[in-house]
Trainee: 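Please read through the structure below; I'll follow up with questions.
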Amino acid sequence: MTVPDPIALTQALIRCPSVTPADAGALGVLEAALAPLGFRCERMRFEAPGTAPIDNLYARIGSGRPHLCFAGHTDVVPPGDETRWRFPPFEGRIAEGRVWGRGACDMKSAVAAFAAAAGRFLAERGPAFGGSISLLITGDEEAEAVNGTVKMLQALAARGEAIDACIVGEPSSSEAVGDTMKIGRRGSLTGRLTVRGVQGHVAYPHKADNPLPRLVRMLAALSPGGGPEIDGGSAHFDPSTLAITTIDVGNPATNVIPAEGRAVFNIRFNDTWTAESLGAWIRERFDAVGGDFTLDLRSGADSFLTAPGELTGRVAGAVERVTGRRPAFSTSGGTSDARFVKDYAPVVELGLVNATIHKTNENVPVEEIETLTRIYRAVLDDSFPERG
């Protein structure tokens, strides 16, 4: 059995320029590392009208339970201006004790670390370890996220494959590997508001109906305290926050009252709301201002929480055993594919330090990849204890 080296595998994955929706060979690199370990590797390709077809990889060893799944992605965001990078973004260069390249932190290193951890575990325990280990790897996390994890989970459930626990390898850590573990995520609701009035001359405002003061009052009504926070938070979540991302009028004239004003806003909400209840609250506040308006609300995800318990304790214990620190539980940050997994199994997110994700010169210390590999190996040991 050839056990993958997490550093070399990270480099090989980075050398695949897998900017969503391109795979660029990344899944093949991973499959070549997993198949010799005994994993049954299955390509799962999905597409939908108006979206690019996406290749995904499901690899599993074992058929029994418990079934521990590692979920992640090999697609990356574009590198931007490559001349601003110290090293070519898809070279996978090692320099100054770090691996450099797009996807080094988000999240090809974590994928490589889990593959290596599984290899080390299987080399010692063999294939009869008393359960199943799988990797659920998508190429559609950084973009639409419609032809990846969500459809893979649906397909697995349809054929009767159950997952008992899942670790998502997103870079969850803040200052040191394992210092933070995500046990939930806020929901996301985007609103597109259009307020209409009657165009007119600024010298005769009584003959027009200026929509802009109403637009401003509506947006202000979403900030009860005058700041971005819209509630007091909950036991495991910070207060929900509002961000107004654009206000557009398109009026080049200084002597014309416009007929219409538009705004877009996003609310990242905690578990005191659902998308439906938050939408109703927004409409109630807008209705109180009144006037002619339309509101389009789009939910990106509901909030979710994996309550502290068996899975969180097991993963936190593995981190503490390897690093000497117990991770803080957090629900901060944006959304991830864990929002899909939570409908099928308890899920936590544990990965590298997120300092350089999506940035020019994305990089990760080599020693941190090894630390993460050891943590994942410890989770495997604790998930499948040897029978005495």
Side-chain angles (χ1 to χ4, degrees), residues 46 48 51 69 71-73 107 136 138 140-158 162-172 180-193 222-224 228-245 264-286 295-309 311-312 315 329-351 354:
F46 300 105
T51 64
C69 177
H73 62 91
M107 55 171 287
L136 191 83
T138 181
D140 188 31
E141 196 272 348
E142 295 289 8
E144 290 90 351
V146 297
N147 293 319
T149 299
V150 62
K151 289 185 177 178
M152 295 176 76
L153 289 165
Q154 291 168 352
L156 295 178
I163 297 170
D164 294 299
C166 183
I167 298 175
V168 177
E170 288 291 339
S172 63
T180 306
M181 180 169 67
K182 304 289 187 184
I183 63 168
R185 291 280 190 166
R186 297 178 297 173
S188 175
L189 186 68
T190 296
R192 299 179 183 275
L193 172 65
L222 300 183
S223 301
E229 297 182 352
I230 66 172
D231 56 45
S234 64
H236 293 286
F237 286 84
D238 292 333
S240 303
T241 56
L242 165 73
I244 299 168
T245 57
V264 179
F265 59 90
N266 179 269
I267 295 177
R268 295 301 169 104
F269 60 93
N270 57 41
D271 59 348
T272 63
W273 306 93
T274 64
E276 290 73 21
S277 67
L278 182 57
W281 178 82
I282 293 169
R283 291 184 186 279
E284 179 182 350
R285 301 185 84 82
F286 286 176
L295 175 65
D296 176 42
L297 293 173
R298 303 277 178 96
S299 173
D302 263 329
S303 66
F304 74 91
L305 176 72
T306 298
L311 176 60
T312 61
V315 177
F329 293 167
S330 171
T331 58
S332 64
T335 59
S336 76
D337 277 1
R339 70 189 188 273
F340 305 127
V341 180
K342 55 87 176 173
D343 293 328
Y344 298 85
V347 58
V348 298
E349 298 175 53
L350 182 71
N354 56 26

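Just so it is clear, the structure is predicted and the values come from calculations on it, not from any experiment.
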Trainee: Is a donor from one side chain sitting under 3.5 angstrom from an acceptor on the other, for Arg298 and Thr190?
Mentor: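 Absent: no donor and acceptor within the cut-off.
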
Trainee: So which heavy atom on Cys69 is nearest to which on Ile163, and how close?
Mentor: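 Smallest interatomic distance, heavy atoms only, reads CB-CG2, 3.7 Å.
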
Trainee: Could you grab the distance from atom SG of Cys166 to atom CG of Leu136, nearest 0.5 Å is fine?
Mentor: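 Here the rounded value is 7.0 Å.
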
Trainee: So which heavy atom on Phe304 is nearest to which on Phe237, and how close?
Mentor: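 Of all heavy-atom pairs spanning Phe304 and Phe237, the closest is O-CZ, 3.3 Å.
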
Trainee: I'd like to know if the side chain of Thr241 and the backbone of Glu229 have a donor-acceptor N/O pair within less than 3.5 Å.
Mentor: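 Judged by distance alone, no pair lies under 3.5 Å.
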
Trainee: Taking C-beta and beyond as the side chain, do Met181 and Val315 meet within less than 4.5 Å on heavy atoms?
Mentor: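 Yes; the side chains approach each other to less than 4.5 Å.
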
Trainee: Indicate yes or no: at least one non-hydrogen side-chain atom of Ser172 is less than 4.5 angstrom from one of Leu350.
Mentor: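 Ser172 reaches Leu350 side chain to side chain.
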
Trainee: Measuring from Thr51:OG1 to Asp140:CG, what's the distance to the nearest 0.5 Å?
Mentor: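 Reported value, rounded in 0.5 Å steps: 7.5 Å.
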
Trainee: Is there a donor-acceptor pair under 3.5 Å between the side chain of Arg185 and the backbone N or O of Arg339?
Mentor: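 Checked: no pair found.
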
Trainee: Looking only at non-hydrogen atoms, find the nearest pair between Met107 and Ala71 and report the distance.
Mentor: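 That closest heavy-atom pairing would be CE-O, 4.1 Å.
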
Trainee: Could you tell me the separation between the NZ atom of Lys151 and the CG atom of Leu153, rounded to the nearest 0.5 Å?
Mentor: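 Rounded to the nearest 0.5 Å, the NZ-CG separation comes to 13.0 Å.
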
Trainee: Do you know the tightest heavy-atom contact between Ser277 and Thr274?
Mentor: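 Heavy-atom minimum between the residues: OG-N, 2.9 Å.
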
Trainee: Quick one, Leu222 and Trp281 - any side-chain contact, counting heavy atoms below 4.5 Å?
Mentor: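 Contact flag for Leu222/Trp281 side chains = yes.
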
Trainee: Is a side-chain N or O of Arg283 found less than 3.5 angstrom from the main chain of Ala280, in a donor-acceptor match?
Mentor: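 Such a contact is absent between Arg283 side chain and Ala280 backbone.
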
Trainee: State, with a plain yes or no, whether a side-chain heavy atom of Asn266 is found less than 4.5 Å away from one of Ser188.
Mentor: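 Touching, per the 4.5 Å side-chain cut-off.
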
Trainee: Strictly by modelled atom types, are Thr272 and Asn270 linked by a side-chain donor-acceptor pair under 3.5 Å?
Mentor: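 Yes, because at least one side-chain N or O of Thr272 sits under 3.5 Å from a partner of the opposite role on Asn270.
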
Trainee: Regarding Lys182 and Ser332, do their side chains bring together a donor and an acceptor under 3.5 Å, going by distance alone?
Mentor: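 Yes - a donor-acceptor pair under 3.5 Å links their side chains.
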
Trainee: Evaluate side-chain hydrogen bond (donor to acceptor under 3.5 Å, both in side chains) for Asp231 paired with Ser240, printing each intermediate quantity in order.
Mentor: CA-CA 6 Å; Asp231 56 45; Ser240 303; 2.7 Å; yes

Trainee: Less than 4.5 Å apart, side chain to side chain, heavy atoms only: is that true for Thr331 and Leu305?
Mentor: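 A side-chain contact under 4.5 Å exists here.
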
Trainee: Per the side chain to side chain contact (heavy atoms under 4.5 Å, CB included) rule, which among Val348, Thr312, Thr180 passes with Phe329?
Mentor: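 Looking at Val348, Thr312, Thr180, the match for Phe329 under the side chain to side chain contact (heavy atoms under 4.5 Å, CB included) is Thr312.
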
Trainee: Find out whether Leu193 and Val264 are in side-chain contact, i.e. whether some heavy atom of one side chain is under 4.5 Å from a heavy atom of the other.
Mentor: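 A side-chain contact under 4.5 Å is absent here.
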
Trainee: Using every non-hydrogen atom in the two residues, find where Ala301 and Thr335 come nearest and quote the distance to one decimal.
Mentor: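 So the two residues come closest at CB-CG2, 4.1 Å.
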
Trainee: Decide yes or no for Phe269 and Asp302: does some side-chain heavy atom of the first lie under 4.5 Å from some side-chain heavy atom of the second?
Mentor: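 Phe269 vs Asp302: side chains touch.
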
Trainee: How many angstroms lie between atom CZ of Phe340 and atom CE of Met152, to the nearest 0.5 angstrom?
Mentor: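 So the CZ of Phe340 and the CE of Met152 are separated by 12.5 Å.
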
Trainee: Let me confirm one number: the CH2-CD1 distance from Trp273 to Ile230, rounded to the nearest 0.5 Å.
Mentor: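 Nearest 0.5 Å value for the CH2-CD1 distance: 5.5 Å.
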
Trainee: Using a 4.5 Å cut-off on heavy atoms from C-beta on, say whether the side chain of Ile183 contacts that of Ser330.
Mentor: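 They are not in contact (no side-chain heavy atoms under 4.5 Å apart), so the answer is no.
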
Trainee: Might you point out which heavy atoms bring Ala345 and Ala165 nearest each other, and give the distance in Å?
Mentor: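 Distance-wise, the nearest heavy atoms are CB-N, 4.2 Å.
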
Trainee: Give, for atom CD1 of Ile167 and atom CD of Glu349, the distance between the pair rounded to the nearest 0.5 Å.
Mentor: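 Those atoms lie 11.0 Å apart.
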
Trainee: Any side-chain to backbone donor/acceptor pair from Asp271 onto Ser303? Under 3.5 Å, distance only.
Mentor: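 Looks like no, no N/O pair under 3.5 Å.
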
Trainee: Just checking, is any N or O donor in the side chain of Glu141 or Thr149 under 3.5 Å from an acceptor N or O on the other one?
Mentor: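 Per modelled atom types, Glu141 and Thr149 side chains form no pair under 3.5 Å.
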
